[in-house]
Amino acid sequence: MSLQGQTKENNYQPFKSLVFFTNRVARLLVQRIWQRVDSDKVEILPQHMGVLSDLWQQDGVRQQDLAISLIKDKATIARTIQFLEQKNILIRIADPQDKRNKRIYLTHKGKSLKQELVPHAMSTVEDATAEIKPEEDGRAHV
């Protein structure tokens with residue numbers, strides 16, 4: 001190992017790392033979104049938003065594809081799917097090409113949650129980025 005590598009390792013400060021800050025920002029955004037949500041109307045928890053968001057983009061994905069997309073272990077995804085299935089938000093259907101796989105589909109209730117949750121998410125992001133100039137975050141080129 002080079003001396004330069006040792007210096008980097010010895011000076012590594014996890015609380016100043018990009019990984020730490022992006023993770024913290026994501027958690028804070030979810031917390032802010034959930035403060036805006038009427039929890040009496042929405043029967044899910046903040047940690048379920050990722051599954052719903054993926055299914056709003058593409059319905060009928062395989063359970064293992066959700067795990068990969070959300071960077072979650074299979075057991076966590078299985079528990080989330082079971083919870084959401086019990087709430088009648090999604091259903092599992094055997095894949096016609098491979099009966100061992102299950103495809104995950106939103107119910108009408110799951111699809112309608114999009115109108116309830118996405119406006120809160122968009123408002124939260126707008127509030128969080130209000131002071132950032134477009135040229136500072138890349139929006140100037142979009």
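This one's a predicted model, so the numbers in the text were calculated from it and none came from an experiment.
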- Note on the structure: Here the gap from Ile104 atom CD1 to Leu90 atom CG, rounded to the nearest 0.5 Å, amounts to 6.5 Å

- Query: When hydrophobic residues are tied together by side-chain contacts of less than 4.5 Å, even through go-betweens, does Ile33 share a cluster with Met122?
  - Reply: yes

- Got a second to check how far Arg27's CZ is from Arg24's CZ, nearest 0.5 Å? 8.0 Å

- Query: Is Ile44 reachable from Val61 through a run of I, L, V, M, F, W or Y residues, each pair having side-chain heavy atoms under 4.5 Å apart?
  - Reply: yes

- Item | Arg92: salt bridge (Lys or Arg N to Asp or Glu O under 4.0 Å) partners, not counting sequence neighbours | Glu85

- Message: Suppose we screen for side-chain contact (heavy atoms from CB on, under 4.5 Å). Which residues come up paired with Ala128, at least two apart in sequence or across chains?
- Response: Leu29

- side-chain hydrogen bond (donor to acceptor under 3.5 Å, both in side chains) against Asn88, all qualifying residues, sequence neighbours excluded: none

- Note on the structure: side-chain hydrogen bond (donor to acceptor under 3.5 Å, both in side chains) filter on Glu116, not counting sequence neighbours, yields Lys41

- Message: Restricting to salt bridge (Lys or Arg N to Asp or Glu O under 4.0 Å), what partner residues turn up for Arg36, sequence neighbours left out?
- Response: Asp127

- Message: Strictly by side chain to side chain donor-acceptor pair (under 3.5 Å), give each pair with a member in residues 42-52 just once, sequence neighbours left out.
- Response: Glu43-Lys109

- Note on the structure: Members sharing Ile91's hydrophobic cluster, built from side-chain contacts under 4.5 Å between Ile, Leu, Val, Met, Phe, Trp and Tyr, are Ile93, Tyr105

- Same hydrophobic cluster for Leu28 and Val37, using side-chain heavy-atom links shorter than 4.5 Å among ILVMFWY? no

- Message: Please tell me whether Met49 and Leu55 are part of a single hydrophobic cluster in this structure, the criterion being side-chain heavy atoms less than 4.5 Å apart.
- Response: yes

- Tell me, do Ile81 and Leu66 make a side-chain contact under 4.5 Å, heavy atoms counted? yes

- Sequence neighbours excluded, which residues qualify as side-chain hydrogen bond (donor to acceptor under 3.5 Å, both in side chains) partners of Gln82? none

- Item | Nearest heavy-atom neighbours spanning Leu113 and Trp56 | C-CZ2, 3.7 Å

- Message: Using a 3.5 Å distance criterion without hydrogens, assess whether the side chain of Ser17 forms a donor-acceptor pair with backbone atoms of Phe20.
- Response: yes

- Message: Per the side chain to side chain donor-acceptor pair (under 3.5 Å) rule, what does the pair list look like for residues 60-75, sequence neighbours excluded?
- Response: Asp54-Ser69, Arg62-Asp65, Gln64-Asn101, Asp73-Thr76

- Message: Any non-hydrogen side-chain atom of Leu106 less than 4.5 Å from a side-chain atom of Leu52?
- Response: yes

- Task: May I ask you to list the residues sharing a hydrophobic cluster with Val125, side-chain cutoff 4.5 Å, ordered by chain and number?
- Result: none

- Query: Is atom CZ of Arg103 surrounded by more than 12 heavy atoms (other residues, nucleotides or ligands) closer than 6.0 Å?
  - Reply: yes

- Message: Taking Val42 as the starting point, is it possible to reach Phe83 by hopping between hydrophobic residues whose side chains are less than 4.5 Å apart?
- Response: yes

- Item | Set of residues satisfying salt bridge (Lys or Arg N to Asp or Glu O under 4.0 Å) with respect to Asp59, sequence neighbours excluded | none

- Query: With sequence neighbours left out, what residues match Pro119 under side-chain contact (heavy atoms from CB on, under 4.5 Å)?
  - Reply: none

- Closest non-hydrogen atom pair, Ala67 against Ile77: CA-CG1, 3.6 Å

